[in-house]
Each structure stands twice: as C-alpha cells, then as structure tokens.
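These figures come from a predicted structure and were not determined experimentally. In what follows, residues are counted from 1 in the order of the sequence shown.
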Amino acid sequence: MARVCEGDQQAFAMLVERHLPRAYAIAFRVLGQSADAEDVAQEAFTRVWTHARDWKPRRGSFSSWLGRILVNASLDHGRRQTARRQVNDGEALLAELPDPAPGGASIYGQQQQAADIDQALQRLPAQQRMAVVLCYFEEHSNSQAAAVMGLHVKAVEGLLVRARKQLRIWLHRHREERP
C-alpha cells in the first residue's frame, strides 16, 4: 500500500487482484445484484487509488480500510438507486421450476430457501443488512464489523438483534404463504 500511495500502478494492480473477489462478494450480498456489486467494487477500488494517501497503517489493516470504503460505496449506491431492476418473466418462471433429475426437489428446496433468505435480506435497512453480511456471510466478529462500519460494538449487536428478529418474522410469514 505504501507503493500505491506513491502512485505505483503495478502495486495497485496487485491489491486489486488480491482483494477484488472478496470486495465483490461483500457488495453482492449487500446489494443483491451482480451488476450493482461490480459497480460498487470498482468504485471502491477507484476510491482506494484516489485516496491512497488517506490510508494510515497505524489505524488498521488495508483490508479493514477497504471494507470501510466498500461499506460506504454500497450505502451510497443504495441511496442513489431509485428503482429495482425487473427480472425477465420467463427467467423467473424457469427459476421456480424444480429440477426433474433425481434429488432435484431437494436441491430446488435448498435453492428456494437461499433465495428466500436473500430476498428477506434485501428488505432490511442498509445498516442492518451490512451488519448481517459482515458477521454471518463474511464471518467477521462483532468488533471487526463495528470497525468496518465505524460503529461501536454494542451498536452492531443491536443491529444484529433487530435484523434477526425481522428476518425470522418475514421468513416465517413467507413459508406460511407458500402453497
């Protein structure tokens, strides 16, 4: 990162290569759309390049700093987004059909459950969704998530409690409504 601060493009390319897959995964979990996640990951690395001199190693690791930039870029993107993309009706119908192969119903059930969780996750307020993504999908500790989000640990714990409660309610209702 010290080399990136000096404008070394090769060092920056190494950082991107090393950290882009995880950055994309976090953005995808937060935003729920591949194209949006790609945009946010790219925006985050653009901010890393343009604000490289703001990074201070004594404040924490590069990955923590990148995480904070990614959180901000995801929240900014979510605020700018005015309408959700519409899913092609034909693709949505095909996605709902179970696989006729042996074990297809079981796989379909798992896929449906994952889709239900992702859908419920997208309904959460941005801060709650970010806390869930960091703690459960990225396996950060509460204190690590708090550092990335710029919050106190107790605030993250509160976000997680409210998020889990709301997810339970939504998923329970969704299961009852399903034929």
Side-chain angles (χ1 to χ4, degrees), residues 1-85 114-115 117-168 170:
M1 190 57 197
R3 289 177 34 209
V4 173
C5 291
E6 296 170 1
D8 186 332
Q9 292 179 355
Q10 287 181 323
F12 179 70
M14 288 173 56
L15 277 178
V16 171
E17 184 178 327
R18 185 174 297 153
H19 295 278
L20 182 61
R22 187 158 180 255
Y24 170 82
I26 292 170
F28 182 78
R29 283 285 182 188
V30 170
L31 300 169
Q33 298 284 335
S34 181
D36 293 342
E38 289 173 6
D39 290 346
V40 165
Q42 181 177 355
E43 183 178 339
F45 280 104
T46 299
R47 289 181 188 182
V48 166
W49 177 255
T50 58
H51 300 287
R53 293 178 194 262
D54 294 341
W55 177 71
K56 306 289 185 234
R58 67 183 178 281
R59 287 193 195 161
S61 68
F62 169 76
S63 60
S64 294
W65 187 63
L66 174 61
R68 183 71 195 142
I69 291 172
L70 194 58
V71 165
N72 289 335
S74 296
L75 293 174
D76 290 347
H77 185 83
R79 285 185 205 109
R80 288 189 308 259
Q81 192 175 23
T82 57
R84 299 257 180 218
R85 293 183 179 92
I117 291 169
D118 283 342
Q119 184 180 19
L121 189 62
Q122 292 307 310
R123 294 176 65 184
L124 290 173
Q127 290 278 15
Q128 290 179 18
R129 185 172 54 246
M130 184 61 65
V132 169
V133 167
L134 291 173
C135 292
Y136 292 102
F137 294 100
E138 291 300 313
E139 299 178 356
H140 285 7
S141 68
N142 290 359
S143 61
Q144 290 170 325
V148 168
M149 295 177 72
L151 300 172
H152 293 285
V153 174
K154 290 291 184 188
V156 170
E157 290 170 355
L159 290 169
L160 290 171
V161 166
R162 290 189 301 278
R164 286 190 303 260
K165 180 179 178 183
Q166 192 59 57
L167 288 171
R168 271 194 301 274
W170 285 334

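With a 4.5 Å cut-off on side-chain heavy atoms, Met1 and Val4 count as touching. Contact of the Ile69 side chain with the Phe45 side chain is not registered, since no non-hydrogen atoms from C-beta on lie closer than 4.5 Å. When side chains are defined from C-beta on, Val48 does not count as touching His19, because their heavy atoms never get closer than 4.5 Å. Residues Tyr24 and Ser34 are in side-chain contact: their nearest non-hydrogen atoms beyond the backbone lie under 4.5 Å apart. Residues Glu138 and Val148 have side chains not in contact (no heavy-atom distance under 4.5 Å, counting atoms from C-beta outward). Gln166 has its side chain out of reach of Arg123: every pair of non-hydrogen atoms, C-beta onward, lies at least 4.5 Å apart.
Heavy-atom minimum distance, Met149 versus Arg68: O-NH1, 2.6 Å. What you find for Gly7 and Trp49 is that their closest heavy atoms are O-CH2, 3.4 Å. Residues Cys135 and Ala145 come closest through the heavy atom pair SG-CB, 3.6 Å. Residue Val156 comes nearest to Ala131 through the heavy atom pair CG1-CB, 4.4 Å, listed as atom of the first residue, atom of the second, then distance. Ser74 and Met130 make their closest contact through CB-CE, 4.1 Å (heavy atoms, listed as atom of the first residue, atom of the second, distance).
Here Gln128 contributes atom CD and Lys165 contributes atom NZ; the two are 11.0 Å apart, rounded to the nearest 0.5 Å. For the atom pair CG (Leu31) and CD1 (Ile26), the distance works out to 11.5 Å, reported to the nearest 0.5 Å. A distance of 12.0 Å separates CZ in Arg47 from CG in Asp54, rounded to the nearest 0.5 Å.
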- prompt: Do Arg29 and Tyr136 pass the side chain to side chain donor-acceptor pair (under 3.5 Å) test, and can you show the C-alpha distance, the side-chain angles, and the key distance before you say yes or no?
  reply: CA-CA 11 Å; Arg29 283 285 182 188; Tyr136 292 102; over 6 Å; no
- request: Test Glu6 against Arg3 for salt bridge (charged side-chain N to carboxylate O under 4.0 Å, His left out), laying out the working first.
  value: CA-CA 5 Å; Glu6 296 170 1; Arg3 289 177 34 209; over 6 Å; no
Test log, rule side-chain contact (heavy atoms from CB on, under 4.5 Å), inputs Gln127 and Leu151: CA-CA 10 Å; Gln127 290 278 15; Leu151 300 172; 4.1 Å; yes
- request: Give the C-alpha distance, both sets of side-chain angles, the deciding distance and a yes or no for side-chain contact (heavy atoms from CB on, under 4.5 Å) between Trp170 and Leu124.
  value: CA-CA 10 Å; Trp170 285 334; Leu124 290 173; 3.7 Å; yes
field: Audit row: Leu66, Arg22, side-chain contact (heavy atoms from CB on, under 4.5 Å) steps and yes/no
entry: CA-CA 10 Å; Leu66 174 61; Arg22 187 158 180 255; over 6 Å; no
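Counting heavy atoms of neighbouring residues, nucleotides and ligands inside a 6.0 Å radius, atom CD of Glu38 exceeds 12 of them. By the 6.0 Å contact criterion, CZ on Arg164 is enclosed, its count of non-hydrogen atoms from other residues, nucleotides or ligands being greater than 12. The number of heavy-atom neighbours closer than 6.0 Å to NZ of Lys154, taken from other residues, nucleotides and ligands shown, is 12 or below.
A distance-only check finds a donor-acceptor pair linking the side chain of Gln144 to the backbone of Ser141 [under 3.5 Å].
Between Trp55 and Trp65, the ring planes lie tilted relative to each other; the angle falls in the 30° to 60° range.
With Val30 as reference, Val133 is the one residue of Val71, Leu134, Val133 to meet the side chain to side chain contact (heavy atoms under 4.5 Å, CB included) rule.
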